There are 2 protein chains.
Amino acid sequence: MPTTAKLASVAALLGDPARAAMLQAMMDGRALTASELAGVAGITPQTASSHLARLTTAGVLAMEKQGRHRYHRFATPAMARLLESLMHVAAEIETPRRAVVTGPRDAALRAARTCYDHLAGRLGVAIADALIEARHIELDSDAGIVTPSGLVLLDHIGIDVAHLGPGGSEKHRRILCRPCLDWSERRPHIAGRLGTALCRLSFEKGWVRRVEGSRAVAVTPKGQRAFREVLGVRPG
Amino acid sequence: MPTTAKLASVAALLGDPARAAMLQAMMDGRALTASELAGVAGITPQTASSHLARLTTAGVLAMEKQGRHRYHRFATPAMARLLESLMHVAAEIETPRRAVVTGPRDAALRAARTCYDHLAGRLGVAIADALIEARHIELDSDAGIVTPSGLVLLDHIGIDVAHLGPGGSEKHRRILCRPCLDWSERRPHIAGRLGTALCRLSFEKGWVRRVEGSRAVAVTPKGQRAFREVLGVRPG
DNA sequence: GGAATGGTTCGATCAAGACCGTAGCAATGG
DNA sequence: CCATTGCTACGGTCTTGATCGAACCATTCC
């Protein structure tokens, strides 16, 4: 009942290295099997199964079973934001001892990655900056809106504005546009249904592609052009 | 050293009820003493001291000595955002969810196969994507609907819409359209009576044929054209 | 109908750490 | 100086839970 107790229990679930590794592996929004998760966490399937059962009964994960496979994913996108917040704090906590030797993989993550179902990293922040600069969207600290010119742009690049719009039929639809504080850039990028749509479009149009075995995404040459010419994104 | 380990250690620090209570008490930005924090957490000062020492050496809290008092506060504002994210997830976790089904393997199988009685693999997912893109269907996480334009299309290609329609006489008919999580693609394709009908049609029209001794199916040249021209399926 | 594979349950082991009582340290006030 | 107060260090108890081996269950393959 007390929110503090529930808060602590959620945090405790993230507090085990094996579970944290499994959850981080789900950050790109894919649904993974127990065996795969056991692999990334470096534990046996039995142990992974026990962890996953706890996470699922706690409501943190949702399980989809088919045949002899069971796919696990976040129960709510809020989990992705939570993990980003955690990474943010973990990064700021960084001991000054080691002067941040960023491996190539880490560098790729900082350049561009998916944050659950939207784009993050320098790319994600640059997109947000460009859209704000052009007055297509406005981002507040905890909410965002799409301007009329933004609606025109989105329609032009093939995002179904009407389908994204506020007049949705369902009550529990995700918020259209919201800021998500970027873990590496420490500045907001675009989340919400708009973030999801932009991310999806970027994959479908071949502007970005996944980097094998990572949340990082690579911007294709075609994507470089598209982001610059269509969205007005400036590199850096 | 790996960010995952640090992430987990930070989360573990928040995962104890006593520590969580103390941290929540600092959410307004005030600096509090060990005794005060022990009070809000319902523990003795000795125990609180031990907790605070851990939080401080971890870099999560900053301590400030003033005479015989020691004031504790967040080391970084990011901590406040982290706690907010935690509260957010803790609040959202009340709502359960659900989803669906799939699963095989092999190169040919990944390209195209049958999943029980409907099409799966890259082909199945591409069909689903195309129909969604064209607004002929909508797929939610656990259900799908066919739009009016979708009904027209189905009728046009020879699928008996009336017989598939929602006005079925029997109570226990299979659901018309539902997503089925693709084993290889990890994204939904179309199942339900619609999926069955599309699969059946594809065989009857010679768009696909079975691969001997396998669940894999091969797309015929005729099928390539048909899927592209009739359903708007894009290769890949 | 087996056999193989993905997944979970059970039981036992074992380490981490949460807690408190007592004692020790440091700063203030007489 | 001694007493008081805020806090920490030490040592002990006890619970939690992370882990793996082995057995079991379910599904699919042959």
Side-chain angles (χ1 to χ4, degrees), chain A residues 4-5 8-23 31-58 61 63-72, chain B residues 4-5 8-9 11-23 31-58 61 63-72 100-106 108-109 113-117 120 180-181 183-184 186 210-216:
Chain A
T4 300
S9 70
V10 172
L13 288 173
L14 309 189
D16 178 77
R19 284 195 293 262
M22 292 192 288
L23 291 170
L32 300 171
T33 68
S35 304
E36 289 167 328
L37 291 167
V40 304
I43 53 180
T44 63
Q46 310 94 292
T47 304
S49 175
S50 135
H51 284 307
L52 291 169
R54 288 189 63 183
L55 291 166
T56 302
T57 60
L61 292 186
M63 199 251 298
E64 308 174 5
K65 63 187 282 191
Q66 166 52 26
R68 53 188 182 188
H69 295 276
R70 280 142 204 233
Y71 294 100
H72 300 83
Chain B
T4 300
S9 71
L13 287 173
L14 309 190
D16 178 76
R19 284 195 292 264
M22 293 192 287
L23 291 170
L32 301 171
T33 69
S35 304
E36 289 168 327
L37 291 167
V40 304
I43 55 180
T44 64
Q46 311 92 291
T47 305
S49 175
S50 147
H51 284 308
L52 292 169
R54 289 189 60 183
L55 290 166
T56 303
T57 60
L61 292 186
M63 199 253 297
E64 191 179 330
K65 297 178 63 168
Q66 277 182 20
R68 56 186 178 189
H69 294 275
R70 280 140 201 238
Y71 292 100
H72 300 267
V100 209
V101 220
T102 336
R105 100 186 142 242
D106 196 309
L109 285 180
R113 65 179 179 273
T114 51
C115 173
Y116 292 94
D117 53 10
C180 178
L181 188 64
W183 157 73
S184 50
R186 310 277 165 99
R210 289 208 178 277
V211 172
E212 193 74 23
S214 166
R215 286 171 50 201

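Given the structure is predicted, the values throughout are model-derived calculations rather than measurements. Quick note on labels: first sequence line is chain A, next is B, and so on, each numbered from 1.
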Handout entry: Closest non-hydrogen atom pair between Arg70(B) and His72(B), with its separation
Key = O-CD2, 3.4 Å

Quick one: which protein N/O atoms are closer than 3.5 Å to N/O atoms of nucleotides 16-19 of chain C? Pair and distance per line, please.
from, atom 1, to, atom 2, distance (Å)
dA18(C), OP1, Arg19(B), NH2, 3.4
dA18(C), OP2, Arg19(B), NH1, 2.8
dA18(C), OP2, Arg54(B), NH1, 2.8
dC19(C), OP2, His51(B), NE2, 2.6

Exercise for the section: Provide, to the nearest angstrom, the distance between the CG atom belonging to Leu37(A) and the C1' atom belonging to dG7(C). Expected result: 13 Å

Practice task
Identify which one of Asp16(B), Thr56(B), Leu37(B), Leu13(B) satisfies the side-chain contact (heavy atoms from CB on, under 4.5 Å) criterion when paired with His51(B).
Solution key: Asp16(B)

Exercise for the section: Decide yes or no for Val10(A) and Leu14(B): does some side-chain heavy atom of the first lie under 4.5 Å from some side-chain heavy atom of the second? Expected result: no

Practice task
Check the distance between dG6(C)'s P and Glu36(A)'s CD and give it to me in whole angstrom.
Solution key: 10 Å

Handout entry: Rounded distance in Å - CG (Leu52(B)) to P (dG6(D))
Key = 16 Å

Practice task
State, to 0.1 Å, how close Ala8(A) and Ala20(B) come at their nearest heavy-atom pair, and which atoms those are.
Solution key: CB-CB, 3.7 Å

Exercise for the section: Would you mind telling me which of dG6(D), dT9(C), dG7(C) lies closest to the side-chain atoms of Ser35(B)? Expected result: dG6(D)

Practice task
Measure the distance from NE2 on His69(A) to C1' on dC25(D) and round it to the nearest whole Å.
Solution key: 16 Å

Atom pairs under 3.5 Å, N or O on each side, protein against nucleotides 12-14 of chain D: can you list them with distances?
none

Practice task
Ignoring hydrogens and angles, tell me if any N or O in the side chain of Ser49(A) forms a donor-acceptor pair with the backbone of Pro45(A) under 3.5 Å.
Solution key: no

Handout entry: Met63(A) CE - dG7(C) C1' separation (whole Å)
Key = 10 Å

Exercise for the section: Check every atom of dG21(C), dG7(C), dT9(C) against the side chain of Gln46(B) and return the nucleotide holding the closest atom. Expected result: dG21(C)

Exercise for the section: Please determine if a side-chain N or O atom of Arg70(A) lies less than 4.0 Å away from the OP1 or OP2 oxygen of dT27(D). Expected result: no

Problem - From Tyr71(A) atom OH to Leu32(A) atom CG, the distance as rounded to the nearest 0.5 Å - result: 9.5 Å

Exercise for the section: Working to the nearest 0.5 Å, report the span between CE of Met63(A) and OG1 of Thr57(A). Expected result: 10.5 Å

Practice task
Examine distances only and state if a side-chain atom of Arg19(A) and a backbone atom of Ala12(A) form a donor-acceptor pair shorter than 3.5 Å.
Solution key: yes

Handout entry: Nearest non-hydrogen partners of Met22(A) and Ala41(A), listed with the distance
Key = CG-CB, 3.7 Å

